[in-house]
Each structure stands twice: as structure tokens, then as C-alpha cells.
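Remember, it's 1-based here, ligands and their atoms both numbered in the order they're listed.
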Amino acid sequence: MNERLVVSESELARQRDFAERVRALPERPRSFHIVTMGCQMNERDSETIAGMLVEMGLRPESVREKADLILYNTCCVRENAENRALGNVIWLKELKKERPELLICVGGCMAQEAGMAERMKSMYPFIDLVFGTHNMHRLPEYLLRVLESRRPVVEVLTSDGVIAEGLPQRRVSPFSAFVNIMYGCNNFCSYCIVPYVRGRERSRKPEAVLEECKRLVDQGVKEITLLGQNVNAFGRDTHGDGVSFAALLEKVAALPGLKRLRYVTPHPKDMGPEDVAAFANIPQLCPRLHLPLQAGSDAVLKRMGRKYDSARYLELVASLRDARPDIALSTDLIVGFPGETEEDFAATLELMRASDFMSSFSFCYSDRPGTRASRFLDKIAPDVQQDRLLRLQALQEELSQRWLDARVGQECEVLLENASRREATDDDSLQSWQGRDIYGALVHVPLPAGDHTGRLVNARIVEAKKHSLVAEATGQPW
Ligand code: SAH
Ligand code: SF4
Ligand code: F3S
């Protein structure tokens, strides 16, 4: 790996020193609240930001309005994500009038967007700190500067991102964890802003990934989800150690104590035979794959720059089902891409049926500044987009329901998350818990009183609801 990409030990030590100095300030914020607006990578970043804030002596505050520091970790993948972020920030202006000592910080992908930092600086002067995705590890330095100068700090680096190892982390779940394996994306799909705000692909060293996973498993984590914008490209930018994505999966899965391994997001063009075979060969790898399709029409896929066609996608689906017949597939879909005809849209519906997705995220195409597609001329009217979105979602409801219905009668293993509202039990000694099965489906299961968080339980599915399953335990939680 290019060592220049890794933040040096001396820089990390410098930041720890800044954190100490923040902690020592007599007048500093005592509590923080983070609002996470984006994808899993954004969520993982929030855990790091929270870790750094704790290191600076702040404690988490679950009620946003009560916190001394409110931090928005923003997303800009679609225009509505951006509007939501800006809307929230404007609302904070009022709160700040009541509590002038309140600190407002904005980080994440929207802050990294070209021109956005300057825009925020001039339009929203009440924001105390704006920082981007490439310099998140310097939060202690920036916060100290804000507190000492009492003036807004706007620091967004335009240079490509780096990798900071060993930053503190405050995890949301004690039993399930996200682990970044790579950052950035080189694909430049024509509609997508992510490569512009997350920089070029850069893999972590396999040893660093393994070390983090091992530490998590030692702490009692049962499920790990490996993260990257294009996980199959893992290792292609590293030199010398030759560990492929499939090899990394095997190494992580072999950690004693790890029960479930997942990853997100793969790219269909980069899913190789060894990635497919992993579903047959690695027992800990859950039989669930989120494989973004985006569109079913070859003409649209071409204009999207996705570098696969519908035949290749279906071939991949078939080989995945060969490797692991029960695999559950989910996807991302964009409707109303520039130039999308009714026939193109029909091809998307057809591919959804053929792939039999258990679930999907679907979005109306939205122009993102700087992307190629934003300059395409034949934009689709919002009402046509909306109509297609509703039709697509109706089909997905049908497919999802069929998938859930087919599970009734099956045995399953549920990783328990939390007690849910009482459901499907007439027995007062039982309480309904909810968790996820290996396919990632939400399962409700009545259990004897107790704290079952993070435990596994074997169960039999007795009912399919609209978006979840109901099961009966066949053993004790363990
Ligand atoms: N790296 C992942 C996900 C990236 S963003 C991947 O390659 O699939 C998550 C999803 O947002 C994308 O899969 C896509 O469906 C959607 N998306 C990205 N840009 C969009 C845009 N401009 N308009 C609408 N949806 C978009
Ligand atoms: Fe965006 Fe495409 Fe990269 Fe995914 S693969 S992050 S959709 S550019
Ligand atoms: Fe994720 Fe949104 Fe950034 S989807 S990578 S938080 S633009």
C-alpha cells in the first residue's frame, strides 16, 4: 500500500494531544448528540466521531436539544438527503438563539461536496465547525480551535482521502459491528457523487482489518459487516500482500467466536467466481447479498456507466443460487434515469422478478452536481418518476411478501436485538423479542423474561407479517 495514504503515528499523537487539551478546558461542551444521515459508512464514521468526542471528555446525550454539541454527519447522495441536512441545520439556528453556547458541527459527505463549505460559511454563519470526510481524524484540533477562538472553523480538504488507523470508537451495538475494509470509489457511475466526496479507492491493510475484527470478537461481537463502496475491489490498490477480497473473507470468518459475517456493497461487475464460491465454502458468511442492480435496461445501464448488462447480472444471480440455493438477494434501484423509456422501466420490473429480490431500496434519479448524468439532456419529469417508483415499490411488496410467506414452517436462528412490543403471545410469562435471522429478516420471538440482547436463539417460523416474521423458540437463548 502507498504509505502516504496512512495517517502517521505522529499526526495521530498530535490529535490525541489536542483531545487532551480540549478535555482540560474549563469551559467546554460536556455532552454531544450525533445525527447520522447517510449509509453504513456514514454510521461507522459516526462511531469514530463519537469515540473521539468521548476521548475529549464529552458524554453522549440521547436527547438532541439537551446536548452541548450537536453534530450532523451528512449525506449528499440524492438531493433530498442534502435538503434534509440543510433543513435540520437551519432549524438549529433557532435553538442557538435560545442557547448561544450550543456548538453546531457539520461533517460528512455533504460538507465534503465541492463549494458546499463556502456556501455554509456565508449562508449559515451560526455553524461552529464544518469538516469533511477526508480530515475527520483532525476533529480534536478543529474543536480546540473553535473553543479557543470562539469563531467558526471551516476545514474541508480537497486532496484525496487518507486512512487513519487506531482511532477511538464508540459502538452502537455490543454484538454487531461494522468494519471498514476500504474507502472511496473509482467507478464514477454517471449519476453518483460518492467518488467525488469519498475520494479514490484505498484498501486498509488486511492485518489492520483482521486486528480490528479480532478485537471486536474478543469483546463479544457475534456479527461483523465488512464495509466499502465496492468491496470486491479490496486489495487491488495494495502492493505486495496479495490478499483478495475472497481471501480476506476466509480470514475474518476463521476468527474463533465470530458467528455471522456479512459485507456491503459489492459491485456486480467485480463479483468474481471466488466471491460467489465463498457463499458455498464459508459457513459464517450469511446467505444474504445486497447486490445493487440500479436498472434492468441495458441501454440505461450503459448510460449509467455500470459496466454490466442484464444478462451478466442474471448469470451472477444464477451462479449465486447455485453456490447457495437459499441465498436471499436485495438490491438498489433508480427509476427515471435520464432518457428512461417505459420499455426501459419495464425491463427493470422484469429483472426484479427474475432475480426474486427479498427487498430493495428504490430511488427517483436525482441530479448531483459535477456528475456526468447531471449534464444529460433528456431528464424525466418528476411525476413520471414518482409513478414509476410507486409501481416498482408495489412489485417489490409482492416479491417481499412472497419471500416472507415461503419462510413459514422453516427453522431459523435469530440474533436478538431488543425487546419489542408484545406480539404473537398470549402467555404472560413471555415477552416478545426482535432480532435478525441469517438472511437479515426481522423476526419476532416470544421469550422468557430476561435480557437476551446479543444472544442467539433457535426458532420455528409460524407466521409471516407484512414486513417481518413471527417465530417460536425451539430452545433456550445462548
Ligand atoms: N456503492 C454502492 C452504493 C452507493 S450509494 C453501490 O455501488 O451500489 C447508494 C445508492 O444510492 C446507489 O446504489 C443508488 O441506487 C442510489 N443513488 C446514487 N446516486 C443517486 C442519484 N443521483 N439519484 C438517485 N439515486 C442515487
Ligand atoms: Fe457510486 Fe457507482 Fe461507486 Fe457505488 S460503485 S459508490 S454507485 S460510483
Ligand atoms: Fe454514504 Fe451518503 Fe456519503 S450514501 S458515502 S453518506 S453521500
Does Cys192 bring an N, O or S atom to within less than 2.8 Å of atom 2 (Fe) of ligand 2? no
Nearest 0.5 angstrom please: Arg260 CZ to Asp437 CG, how far? 7.0 Å
May I ask you to identify the nearest protein heavy atom to atom 1 (Fe) of ligand 3, giving residue, atom name and distance to one decimal place in Å? Cys39 SG, 2.3 Å
Between Cys75 and atom 2 (Fe) of ligand 3, is there a contact where an N/O/S atom of the residue lies under 2.8 Å from the metal? yes
As an exercise, identify every atom of ligand 1 less than 4.0 angstrom from a heavy atom of Gln294. 8 (O), 12 (C), 13 (O), 14 (C), 15 (O)
Nearest neighbour in protein (non-hydrogen) for atom 3 (Fe) of ligand 2: Cys185 SG, 2.3 Å
Residue part near ligand 1, for Met304, under 4.0 Å between non-hydrogen atoms: neither
Interfacing atoms of ligand 1 (cut-off 4.0 Å, heavy-atom, Tyr365): 23 (N), 24 (C)
Counting only heavy atoms closer than 4.0 Å, does ligand 1 sit against the backbone of Cys364, its side chain, both, or neither? backbone
Identify, by atom number and element, the atoms of ligand 3 in contact range of Asn42, meaning under 4.0 Å from any of its heavy atoms. 6 (S)
among protein heavy atoms, the one nearest atom 3 (Fe) of ligand 3 is Cys109 SG, 2.2 Å
Between Asp270 and Lys307, is the closest basic N to carboxylate O distance under 4.0 Å? no
Using a 4.0 Å cut-off to any heavy atom of Arg306, which atoms of ligand 1 qualify? 7 (O)
Could you see which bit of Pro292 sits under 4.0 Å from ligand 2, with heavy atoms only: side chain, backbone, both or neither? neither
In terms of atom number and element, which parts of ligand 3 are under 4.0 angstrom from non-hydrogen atoms of Gly38? 6 (S)
Checking heavy atoms under 4.0 Å, the part of Cys189 that sits near ligand 2 is both
Main-chain N/O of Ser362 paired to Ser360 side chain as donor or acceptor, under 3.5 Å: no
Ring centre gap for His267 and Tyr308 strictly below 6.0 Å: yes
In ligand 1, the atoms that come under 4.0 Å of a heavy atom of Arg368 are 22 (N)
Ligand 3 atoms in contact with Val77 (distance to a heavy atom under 4.0 Å): 2 (Fe), 4 (S), 7 (S)
I want to know whether Phe18 and Tyr142 have ring centres closer than 6.0 Å. no
Is the closest heavy-atom distance from Arg198 to ligand 2 below 4.0 Å? no
Applying a heavy-atom cut-off of 4.0 Å, say which part of Tyr191 lies close to ligand 2: side chain, backbone, both or neither. side chain
Using a 4.0 Å heavy-atom threshold (strictly under), name the region of Val77 that reaches ligand 1: side chain, backbone, both or neither. both
Do the ring planes of Phe126 and Tyr124 sit parallel (below 30°), tilted (30 to 60°) or perpendicular (above 60°)? perpendicular
May I ask whether Met37 has any heavy atom positioned less than 4.0 angstrom from an atom of ligand 3? no
Say whether Met41 and ligand 3 are in contact under the criterion: heavy-atom distance to a ligand atom below 4.0 Å. no
Would you say the side chains of Ser374 and Asp367 form a donor-acceptor pair under 3.5 Å? no
From Asp332, Val264, Val194 - option closest to atom 12 (C) of ligand 1 by heavy atom: Asp332
Out of His290, Gln229, Gln40, Arg198, the nearest non-hydrogen contact to atom 1 (N) of ligand 1 is supplied by Gln229
Indicate, as side chain, backbone, both or neither, the part of Tyr191 found under 4.0 angstrom from ligand 1 when only non-hydrogen atoms are considered. both
Nearest non-hydrogen protein atom to atom 5 (S) of ligand 3, with distance, is Gln229 NE2, 3.2 Å
